[in-house]
Amino acid sequence: MKKLKKRLKKFGWINDLIKAKLLTKWWIADIRSAFFSKATSFKDTPYGFKLKGTNSIHHVRMQDGKFETEEVEIFQEIFKKSDVFVDVGANIGFYSCLARNLHLHVIAIEPLQKNLKYLFENLKMNNWSDVEVFPVGLAECPNIATLYGGSSTGASLIGSWAGASKIFKNSIALSSLDNLISRRFEGKNIFIKIDVEGTEYQVLLGSQKVMSMHPKPIWIIEICFDEYHPQGANPDFYRTFELFWKNGYEARTADKNNKLIQQKDLDQWKKNGVCESSTINYKFEAMF
C-alpha cells in the first residue's frame, strides 16, 4: 500500500487526496485497477478451462479455483438441470466459462470495456465461439447511463458504491433483459445470475417477460440490505423480493443453508434494522 501511494504521488490530484486522507481503500482499489493492473497469463483452472484476467486478487482466485467456492458449488448443481445460462455482470467470464464448459448455451452481459477485453480473450482461448456476448448494462428500458468504478469486480451504476470514488466513470448503453432474450428460450431450463452492484431491482423491472416464462427461470441475485449502498439502506431490497413473490417464485438464501425467506423475515429485518440471512446472495425459484 505504501509503495502504491508513493507511485500515485506523481498524479497531483491524487496526491491532494492522500494529504487530505480522503483516499480510502476502495479509491485505491479503483486507482490500482484503472492505472496499474497488469494482465496475467492464461492459466489452466481446476474446472477444466483456461482463464486470464488482471492481477487483482479476485481474478487470481478465479484462476486458482479459490473464488467464491461455496457459490461455485451451488452454481454447478443448478447447471446440471439447466439448458441456458444468462450471466448478467459477467466480468471476465468466470461463471460463463463454468457454464459453457458444461455445454450450456451461454449469454454473457458485461458493460465494462476492461472486463470485456478479457472476456473475449477467454472465450477465444477456449474455442467457444457460440457464446452470446452483449456489451451493455441492463435496466428497465434502453438508455445511456454512467458506469462508475474501475476495480475488477465493483463497477456500478450507483455513484460512490462501496465507498468508491466517482472519478472513474464511463458512459455505457443500457438495454433490458426482455429486449435481449424475450421468449426465445421458451420451454428451456434457464438459469440467470445477476451481479450488478445495487441496481438489481431495475434489471428485474426490465425482465417481466423472462420472469413469466415457462418453465420459470432459476435466478441467483446478489442483493444488499444495507451493505455498500452510499445511502445506507437499500431502497429496493423489499421490492425485489415482493416482485418475485408476485410472479410465483419462492426465495431462499443461495448458500449451504438454503433457508426459505418469507415476508415475516423481511418485516423483522426492517424492524431491527439488521438482515439476519447471513448472506447477500439469494435464489429465486418457481413455487411448486
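Since this is a predicted model, take the numbers as computed values, not measurements.
For the atom pair CD1 of I220 and CD of E285, the computed distance is 9.0 Å after rounding to the nearest 0.5 Å.
Taking the six-membered ring where the residue is Trp, F85 and F191 present tilted rings, their angle falling between 30° and 60°. The aromatic rings of F185 and H105 sit tilted, their planes meeting at an angle between 30° and 60°.
Remark: E77 does not engage K283 in a salt bridge, criterion side-chain N to carboxylate O under 4.0 Å. By the 4.0 Å N-to-carboxylate-O rule, E68 lies too far from K193 to be salt-bridged with it. Remark: E242 does not engage K246 in a salt bridge, criterion side-chain N to carboxylate O under 4.0 Å.
Taking the ring centre of F42 as origin, the terminal cationic atom of K52 falls inside the region bounded by 6.0 Å and 45° from the ring axis.
A145 approaches L174 most closely through the heavy-atom pair CB-CD1, 3.5 Å.
Environment of CZ in R61: sparse, with no more than 12 heavy atoms of neighbouring residues, nucleotides or ligands closer than 6.0 Å.
For the pairing with S96, the side chain to side chain donor-acceptor pair (under 3.5 Å) check across N91, N122, D87 returns one residue only, D87.
Using modelled atom types and a 3.5 Å distance limit, the side chains of Y47 and Q76 yield no donor-acceptor pair. In summary, the side chains of T253 and D255 do present a donor paired with an acceptor at a separation below 3.5 Å, with no hydrogens or angles considered. In this structure, a donor-acceptor pair under 3.5 Å is absent between the side chains of Q113 and N170.
A ring-centre distance under 6.0 Å is found for F241 and Y282.
Applying the salt bridge (Lys or Arg N to Asp or Glu O under 4.0 Å) test to K216 and every residue at least two apart in sequence or in another chain returns nothing.
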